[in-house]
Amino acid sequence: MENINLKDLLSTGKTDILFNSAKPFARLMMYYNCAMLEIKTKLDVLNNEMSLENDRNPFESITCRLKSPKSIFEKLQRKGYEISEESIEKNLNDVAGIRVICSFPEDIYKLAIKLCAQDDIRLIDEKDYIKNPKPNGYRSLHLILEVPIFLSSEKRMVRVEVQFRTIAMNFWASLEHKLKYKKNITENAEEISEELRICAEEIDRLDLKMQAIHNKINSNRSAKK
């Protein structure tokens with residue numbers, strides 16, 4: 001099965017089985033998994049360090065995922081890219097993904113700055129949907145990072161997408177996805193989209209209000225010391 005040509009998957013419905021049985025593809029997924037774990041470890045270390053400095057953890061949770069073979073295949077096909085391992089590395093930045101859920105917007109930027117400042121991390125791209133939300137109201141900070149992984153015979157640079165959201169942003173994004181896309185809504189679609197956008201703005205105001213309250217509490221603590 002090692003010599004499977006990824007183009008052959010176009011005519012099959014068993015992409016997961018064939019992808020996973022193709023050794024070049026399986027090795028590539030191993031690279032992405034290792035890079036994802038490298039970034040996660042860095043974030044966990046920052047979380048521990050910053051919790052000592054600030055007496056609280058800067059993020060609430062962290063999740064990792066690798067794109068499924070089917071999703072990778074469909075995205076290559078949709079974008080018109082060649083179906084090959086080389087094309088995946090060259091054209092897809094989100095094969096490995098990490099989502100970091102923070103309590104407050106300020107935590108997002110503090111974590112992102114500290115992570116990108118590490119000398120073995122290379123920032124490839126940044127999309128700040130917090131300061132510049134998508135038209136539908138979606139908010140998140142997306143970073144494409146390149147990190148080295150050290151194999152038995154080489155050092156390899158691999159890309160990982162890291163998404164930072166507050167609890168409120170993640171709540172909105174999860175429900176928006178379920179409500180709008182999982183149900184294939186056709187009736188009242190524009191009305192629902194507008195209601196979701198308004199909800200996103202309300203959640204953003206809540207985030208900023210909670211951040212202000214948090215800062216006020218911290219100021220009071222500092223004044224008493």
Derivation and outcome, side chain to side chain contact (heavy atoms under 4.5 Å, CB included), residues Arg99 and Phe59: CA-CA 10 Å; Arg99 182 170 296 154; Phe59 65 76; over 6 Å; no
Leu92 vs Tyr32, side chain to side chain contact (heavy atoms under 4.5 Å, CB included): CA-CA, chis, key distance, verdict: CA-CA 11 Å; Leu92 302 187; Tyr32 281 114; 5.6 Å; no
Intermediate values then yes/no, side chain to side chain contact (heavy atoms under 4.5 Å, CB included), Val95 and Glu89: CA-CA 9 Å; Val95 174; Glu89 286 193 273; over 6 Å; no
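In this structure, Ile192 CD1 and Glu195 CD are separated by 7.0 Å, a value rounded to the nearest 0.5 Å. Rounded to the nearest 0.5 angstrom, Leu208 CG and Ile213 CD1 are separated by 11.5 Å. Note that OG1 of Thr166 is 10.5 Å distant from CD of Glu60, once rounded to the nearest 0.5 Å. Note that the CG atom of Asn48 and the CD atom of Glu53 stand 11.5 Å from one another [nearest 0.5 Å]. For the atom pair CD (Glu176) and OG (Ser193), the distance works out to 7.5 Å, reported to the nearest 0.5 Å. Considering CD of Glu194 and SG of Cys199, their distance stands at 10.0 Å, rounded to 0.5 Å.
Closest of all the heavy-atom pairs between Ile98 and Cys64 is CG1-SG, 3.9 Å. When all heavy atoms of Lys75 and Asp94 are compared, the pair lying nearest together is NZ-OD2, 2.9 Å. Heavy atoms only, all atoms of each residue included: Leu145 and Ile124 are closest at C-CG1, 4.4 Å. Scanning both residues, Val162 and Val100, for their nearest heavy atoms gives CG1-CG2, 4.1 Å. The two atoms that bring Ile203 and Ala168 nearest to each other are CG2-CB, 3.3 Å, heavy atoms only. In terms of heavy-atom proximity, Leu143 sits nearest to Ala112 at CD1-CB, 4.0 Å.
Side-chain atoms of Tyr138 and Arg165 form a donor-acceptor pair, as typed in the model, at a separation below 3.5 Å. Checked by atom type, the side-chain pair Asp207/Gln211 shows no donor-acceptor distance below 3.5 Å.
Cluster annotation: Ile108 is not connected to Ile101 through the hydrophobic network of ILVMFWY side chains, with a link wherever side-chain heavy atoms come within less than 4.5 Å. Cluster annotation: Ile217 is connected to Met210 through the hydrophobic network of ILVMFWY side chains, with a link wherever side-chain heavy atoms come within less than 4.5 Å. Linking Ile, Leu, Val, Met, Phe, Trp and Tyr whenever their side-chain heavy atoms come within less than 4.5 Å puts Ile72 and Met30 in one cluster. Linking ILVMFWY side-chain heavy atoms closer than 4.5 Å, directly or via other members, places Val160 and Leu123 in a single hydrophobic cluster. Residues Met29 and Leu151 share a single hydrophobic cluster, defined by chaining ILVMFWY side chains whose heavy atoms lie under 4.5 Å apart.
At least one side-chain heavy atom of Leu111 sits under 4.5 Å from a side-chain heavy atom of Cys102. Contact annotation: the side chain of Tyr109 approaches that of Asp128 to within less than 4.5 Å [non-hydrogen atoms, C-beta and beyond].
Of the residues Arg159, Glu161, His142, the one that meets the side chain to side chain donor-acceptor pair (under 3.5 Å) test with Asn93 is Arg159. Each of Met157, Lys42, Met36 was scored for a side-chain contact (heavy atoms from CB on, under 4.5 Å) with Val147, with one residue passing: Lys42.
Annotation: ring pair (Phe, Tyr, Trp, His ring centres under 6.0 Å) contacts of Phe104 (sequence neighbours excluded): His214. Taking the side-chain contact (heavy atoms from CB on, under 4.5 Å) definition, one finds that Ser87 meets it with Leu76, Tyr81, Glu82, Ser84, Asn91, sequence neighbours left out.
Atom CZ of Arg65 is surrounded by more than 12 heavy atoms from other residues, nucleotides or ligands within 6.0 Å. The environment of CE in Met50 is crowded: more than 12 heavy-atom neighbours from other residues, nucleotides or ligands sit within 6.0 Å. Heavy-atom contacts from other residues, nucleotides or ligands closer than 6.0 Å to NZ of Lys127 number 12 or fewer.
When atom types are taken as modelled, the side chain of Ser140 and the backbone of Phe164 share a donor-acceptor pair closer than 3.5 angstrom. Remark: side-chain polar atoms of Trp172 are paired, donor with acceptor, to backbone N or O of Leu196 under 3.5 angstrom.
Within the structure, every pair that satisfies the salt bridge (charged side-chain N to carboxylate O under 4.0 Å, His left out) test and touches residues 102-118, not counting sequence neighbours, is listed here: Arg56-Asp107.
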